[in-house]
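Report on one structure; see the data block that follows.
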Amino acid sequence: GDSVTQMEGPVTLSEEAFLTINCTYTATGYPSLFWYVQYPGEGLQLLLKATKADDKGSNKGFEATYRKETTSFHLEKGSVQVSDSAVYFCALPSGGSNYKLTFGKGTLLTVNP
Amino acid sequence: DTAVSQTPKYLVTQMGNDKSIKCEQNLGHDTMYWYKQDSKKFLKIMFSYNNKELIINETVPNRFSPKSPDKAHLNLHINSLELGDSAVYFCASSRGFNQPQHFGDGTRLSIL
(Lines give C-alpha, C1' and ligand atoms only; values in the text may rest on other atoms or scores of the structure.)
Protein backbone atom coordinates (compact mmCIF):
# COMPACT_ATOMS: atom_id res chain seq x y z
CA GLY A 1 0.00 0.00 0.00
CA ASP A 2 0.88 3.66 -0.05
CA SER A 3 3.39 4.77 2.55
CA VAL A 4 5.54 7.70 3.64
CA THR A 5 8.97 7.37 5.17
CA GLN A 6 10.15 10.45 6.96
CA MET A 7 13.42 11.29 8.62
CA GLU A 8 13.02 10.69 12.31
CA GLY A 9 14.01 13.31 14.79
CA PRO A 10 14.37 15.01 16.93
CA VAL A 11 16.29 17.64 15.02
CA THR A 12 17.90 20.45 16.98
CA LEU A 13 19.34 23.48 15.20
CA SER A 14 20.59 26.91 16.02
CA GLU A 15 18.78 29.95 14.69
CA GLU A 16 19.69 30.77 11.06
CA ALA A 17 20.89 27.22 10.35
CA PHE A 18 19.87 25.34 7.19
CA LEU A 19 17.12 22.76 7.55
CA THR A 20 16.45 19.59 5.59
CA ILE A 21 13.86 17.01 6.55
CA ASN A 22 13.84 14.02 4.24
CA CYS A 23 10.65 12.40 2.99
CA THR A 24 10.26 9.53 0.53
CA TYR A 25 7.04 7.88 -0.53
CA THR A 26 5.59 4.76 -2.11
CA ALA A 27 2.38 5.26 -4.04
CA THR A 28 0.29 4.07 -6.92
CA GLY A 29 0.33 6.73 -9.58
CA TYR A 30 1.38 10.28 -8.88
CA PRO A 31 -0.55 11.68 -5.95
CA SER A 32 -0.34 15.20 -4.58
CA LEU A 33 2.20 15.57 -1.78
CA PHE A 34 1.87 17.70 1.33
CA TRP A 35 3.88 18.99 4.25
CA TYR A 36 1.94 19.78 7.41
CA VAL A 37 3.23 21.52 10.53
CA GLN A 38 1.98 21.08 14.09
CA TYR A 39 2.92 23.78 16.59
CA PRO A 40 2.81 22.84 20.29
CA GLY A 41 -0.74 22.37 21.55
CA GLU A 42 -2.30 22.96 18.14
CA GLY A 43 -3.73 21.01 15.24
CA LEU A 44 -1.99 20.42 11.95
CA GLN A 45 -1.71 23.20 9.39
CA LEU A 46 -0.93 22.77 5.73
CA LEU A 47 2.55 24.19 5.16
CA LEU A 48 2.95 23.55 1.44
CA LYS A 49 1.92 21.21 -1.33
CA ALA A 50 2.86 20.00 -4.80
CA THR A 51 0.42 18.39 -7.18
CA LYS A 52 2.65 16.94 -9.89
CA ALA A 53 6.20 15.92 -10.68
CA ASP A 54 8.80 18.72 -10.60
CA ASP A 55 6.38 21.09 -8.86
CA LYS A 56 7.94 23.13 -6.07
CA GLY A 57 5.75 24.02 -3.13
CA SER A 58 6.78 26.97 -0.99
CA ASN A 59 5.50 28.89 2.01
CA LYS A 60 7.01 30.89 4.90
CA GLY A 61 10.52 30.31 3.54
CA PHE A 62 10.06 26.54 3.35
CA GLU A 63 10.36 24.69 0.05
CA ALA A 64 9.90 21.14 -1.21
CA THR A 65 10.19 19.76 -4.74
CA TYR A 66 8.20 16.77 -6.00
CA ARG A 67 10.84 14.39 -7.40
CA LYS A 68 9.27 11.51 -9.28
CA GLU A 69 12.58 9.85 -10.13
CA THR A 70 13.63 9.56 -6.49
CA THR A 71 10.06 9.44 -5.06
CA SER A 72 11.03 12.19 -2.66
CA PHE A 73 9.61 15.44 -1.29
CA HIS A 74 12.29 16.80 1.04
CA LEU A 75 11.52 19.89 3.09
CA GLU A 76 14.12 22.67 3.21
CA LYS A 77 14.55 26.10 4.72
CA GLY A 78 17.60 28.26 4.34
CA SER A 79 17.53 29.98 7.71
CA VAL A 80 15.35 28.66 10.52
CA GLN A 81 13.90 30.74 13.34
CA VAL A 82 12.94 29.87 16.91
CA SER A 83 9.30 30.19 15.83
CA ASP A 84 9.78 27.28 13.39
CA SER A 85 10.03 24.85 16.32
CA ALA A 86 7.26 22.33 15.68
CA VAL A 87 6.54 18.83 14.42
CA TYR A 88 6.59 18.44 10.63
CA PHE A 89 4.64 15.75 8.77
CA CYS A 90 4.98 14.62 5.20
CA ALA A 91 1.71 13.21 3.77
CA LEU A 92 0.01 11.91 0.66
CA PRO A 93 -3.60 11.08 -0.25
CA SER A 94 -4.09 7.32 -0.38
CA GLY A 95 -6.73 4.64 -0.43
CA GLY A 96 -8.96 3.67 -3.33
CA SER A 97 -10.29 7.13 -4.04
CA ASN A 98 -7.66 9.02 -2.06
CA TYR A 99 -10.12 9.12 0.80
CA LYS A 100 -7.48 9.55 3.49
CA LEU A 101 -4.08 11.08 4.16
CA THR A 102 -1.22 8.76 4.99
CA PHE A 103 1.29 10.55 7.19
CA GLY A 104 4.93 10.05 7.93
CA LYS A 105 5.84 9.61 11.59
CA GLY A 106 6.61 13.29 12.08
CA THR A 107 9.88 15.08 12.77
CA LEU A 108 10.24 17.25 15.85
CA LEU A 109 12.30 20.35 15.12
CA THR A 110 13.68 22.48 17.93
CA VAL A 111 15.42 25.74 17.05
CA ASN A 112 17.55 27.34 19.75
CA PRO A 113 18.35 31.07 19.86
CA ASP B 1 -13.42 32.69 12.75
CA THR B 2 -12.40 29.18 13.63
CA ALA B 3 -12.62 26.96 10.55
CA VAL B 4 -12.74 23.55 12.25
CA SER B 5 -13.70 23.55 15.91
CA GLN B 6 -13.74 20.64 18.32
CA THR B 7 -15.17 20.40 21.79
CA PRO B 8 -14.09 19.69 24.39
CA LYS B 9 -10.40 20.50 24.20
CA TYR B 10 -9.62 18.24 27.16
CA LEU B 11 -11.52 15.20 28.35
CA VAL B 12 -10.52 13.29 31.48
CA THR B 13 -12.68 10.34 32.43
CA GLN B 14 -12.74 6.90 34.00
CA MET B 15 -12.32 3.62 32.20
CA GLY B 16 -15.65 2.15 31.16
CA ASN B 17 -17.40 5.48 30.67
CA ASP B 18 -19.03 6.71 27.46
CA LYS B 19 -18.04 10.08 26.01
CA SER B 20 -18.59 12.21 22.91
CA ILE B 21 -16.45 14.69 21.00
CA LYS B 22 -18.09 17.24 18.74
CA CYS B 23 -16.71 18.71 15.54
CA GLU B 24 -18.00 21.51 13.35
CA GLN B 25 -16.56 23.13 10.24
CA ASN B 26 -17.67 26.41 8.68
CA LEU B 27 -15.71 26.02 5.45
CA GLY B 28 -18.52 24.53 3.40
CA HIS B 29 -16.52 21.34 2.88
CA ASP B 30 -18.16 18.07 1.87
CA THR B 31 -15.62 15.74 3.43
CA MET B 32 -14.76 15.26 7.10
CA TYR B 33 -12.39 12.99 8.99
CA TRP B 34 -11.37 11.76 12.41
CA TYR B 35 -7.73 11.01 13.21
CA LYS B 36 -6.06 9.60 16.30
CA GLN B 37 -2.60 10.85 17.36
CA ASP B 38 -0.71 8.70 19.85
CA SER B 39 1.87 9.76 22.41
CA LYS B 40 4.65 9.49 19.80
CA LYS B 41 2.79 11.92 17.54
CA PHE B 42 1.89 9.20 15.03
CA LEU B 43 -1.32 10.11 13.15
CA LYS B 44 -3.76 7.51 11.90
CA ILE B 45 -7.03 7.94 10.05
CA MET B 46 -10.08 6.55 11.83
CA PHE B 47 -13.03 7.59 9.67
CA SER B 48 -13.74 9.47 6.46
CA TYR B 49 -17.15 10.92 5.64
CA ASN B 50 -18.31 12.43 2.37
CA ASN B 51 -21.66 14.26 2.17
CA LYS B 52 -22.68 12.77 5.53
CA GLU B 53 -21.96 9.23 4.40
CA LEU B 54 -19.34 6.97 5.91
CA ILE B 55 -16.67 6.18 3.34
CA ILE B 56 -14.24 4.26 5.42
CA ASN B 57 -13.81 2.82 8.88
CA GLU B 58 -10.13 2.16 9.19
CA THR B 59 -10.17 -0.93 11.45
CA VAL B 60 -11.53 1.03 14.36
CA PRO B 61 -13.28 -0.93 17.17
CA ASN B 62 -17.05 -0.65 17.03
CA ARG B 63 -16.95 1.10 20.42
CA PHE B 64 -16.23 4.16 18.30
CA SER B 65 -19.28 5.44 16.46
CA PRO B 66 -19.15 8.56 14.30
CA LYS B 67 -22.29 10.46 13.47
CA SER B 68 -22.80 13.17 10.86
CA PRO B 69 -26.11 15.01 11.34
CA ASP B 70 -25.26 17.35 8.48
CA LYS B 71 -22.29 18.13 6.24
CA ALA B 72 -20.88 20.67 8.71
CA HIS B 73 -20.74 18.31 11.68
CA LEU B 74 -19.03 15.03 12.45
CA ASN B 75 -19.27 13.88 16.04
CA LEU B 76 -17.47 10.95 17.62
CA HIS B 77 -19.03 8.84 20.36
CA ILE B 78 -16.93 6.35 22.28
CA ASN B 79 -18.43 3.60 24.43
CA SER B 80 -16.76 1.69 27.24
CA LEU B 81 -13.56 3.70 27.22
CA GLU B 82 -10.30 1.80 27.63
CA LEU B 83 -6.85 2.90 28.76
CA GLY B 84 -5.56 2.50 25.20
CA ASP B 85 -8.01 5.12 23.98
CA SER B 86 -5.91 7.83 25.62
CA ALA B 87 -4.71 10.02 22.76
CA VAL B 88 -5.35 13.28 20.96
CA TYR B 89 -8.25 13.06 18.51
CA PHE B 90 -8.31 15.42 15.55
CA CYS B 91 -11.21 16.32 13.33
CA ALA B 92 -10.46 17.59 9.82
CA SER B 93 -12.32 18.64 6.70
CA SER B 94 -11.57 19.16 3.02
CA ARG B 95 -13.32 20.18 -0.20
CA GLY B 96 -13.02 16.62 -1.36
CA PHE B 97 -10.65 13.74 -1.38
CA ASN B 98 -7.15 14.47 -2.65
CA GLN B 99 -7.47 18.04 -1.36
CA PRO B 100 -5.61 19.68 1.54
CA GLN B 101 -7.26 19.04 4.88
CA HIS B 102 -8.02 21.62 7.57
CA PHE B 103 -7.59 20.38 11.13
CA GLY B 104 -9.16 21.30 14.42
CA ASP B 105 -7.00 21.91 17.49
CA GLY B 106 -7.60 18.42 18.83
CA THR B 107 -9.24 16.85 21.87
CA ARG B 108 -6.88 15.37 24.42
CA LEU B 109 -8.56 12.32 25.92
CA SER B 110 -7.11 10.90 29.13
CA ILE B 111 -8.46 7.71 30.66
CA LEU B 112 -7.88 7.18 34.37
Side-chain angles (χ1 to χ4, degrees), chain A residues 1-11 21 23 27-52 55 57 59 64 73 85-110, chain B residues 2-10 21 23-25 27 29-60 66 74 87-108:
Chain A
D2 296 348
S3 66
V4 176
T5 301
Q6 186 176 338
M7 173 176 134
E8 290 195 30
V11 174
I21 300 177
C23 171
T28 306
Y30 303 106
S32 298
L33 298 173
F34 304 106
W35 275 101
Y36 283 82
V37 58
Q38 184 179 24
Y39 298 103
E42 297 184 13
L44 279 73
Q45 302 174 25
L46 179 68
L47 180 60
L48 53 84
K49 67 175 183 177
T51 57
K52 60 183 188 297
D55 262 4
N59 186 26
F73 192 53
S85 298
V87 181
Y88 293 81
F89 294 91
C90 186
L92 60 83
S94 59
S97 300
N98 292 330
Y99 59 78
K100 64 178 182 179
L101 281 178
T102 293
F103 287 90
K105 291 187 175 180
T107 302
L108 173 62
L109 169 66
T110 302
Chain B
T2 304
V4 181
S5 59
Q6 296 177 228
T7 55
K9 193 172 174 65
Y10 300 98
I21 307 172
C23 178
E24 176 181 4
Q25 54 95 2
L27 298 167
H29 289 166
D30 288 338
T31 310
M32 295 186 73
Y33 313 81
W34 277 107
Y35 289 87
K36 181 180 181 180
Q37 186 175 46
D38 64 22
S39 58
K40 295 185 179 179
K41 299 291 188 184
F42 183 63
L43 270 161
K44 190 167 167 33
I45 184 73
M46 298 174 70
F47 302 102
S48 296
Y49 266 72
N50 191 49
N51 285 321
K52 301 194 306 174
E53 290 195 15
L54 177 66
I55 301 300
I56 196 67
N57 170 343
E58 195 77 2
T59 62
V60 178
L74 180 62
V88 181
Y89 292 85
F90 286 100
C91 178
S93 72
S94 65
R95 271 194 291 122
F97 298 127
N98 205 33
Q99 298 295 320
Q101 295 181 14
H102 298 253
F103 284 77
D105 283 341
T107 296
R108 182 174 294 277

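Note on naming: letters A, B, ... go to the chains in the order of the sequence lines (proteins, then strands), and numbering restarts at 1 for each one.
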Residue K49(A) versus chain B: region with a heavy atom under 4.5 Å: side chain
Mind checking the [atom1]-[atom2] spacing from [X] to [Y]? Nearest 0.5 Å is all I need.
X      : Y       : atom1 : atom2 : answer
K44(B) : T102(A) : NZ    : OG1   : 8.5 Å
Y35(B) : K100(A) : OH    : NZ    : 9.0 Å
L44(A) : K41(B)  : CG    : NZ    : 9.5 Å

Heavy atoms of other groups near K9(B) NZ, more than 12 under 6.0 Å: yes
Within 6.0 angstrom of Y39(A) OH, more than 12 heavy atoms from elsewhere: yes
Top contributor to chain A interface from F103(B), F47(B), F42(B) [non-hydrogen pairs under 4.5 Å]: F103(B)
Options V88(B), T31(B), I45(B), ranked by heavy-atom pairs under 4.5 Å with chain A, top entry: I45(B)
Side chain to side chain contact (heavy atoms under 4.5 Å, CB included) partners of T51(A), counting only residues at least two apart: S32(A), D55(A)
Close side-chain approach of Y36(A) to Q101(B), heavy-atom, < 4.5 Å: yes
Heavy-atom check, side chain of F103(A) versus side chain of Q37(B), under 4.5 Å: no
Considering all heavy atoms, the nearest [X]-[Y] contact:
X      : Y       : result
F34(A) : Q99(B)  : CZ-C, 4.1 Å
Q38(A) : F90(B)  : NE2-CZ, 3.3 Å
L46(A) : P100(B) : CD2-CB, 3.5 Å

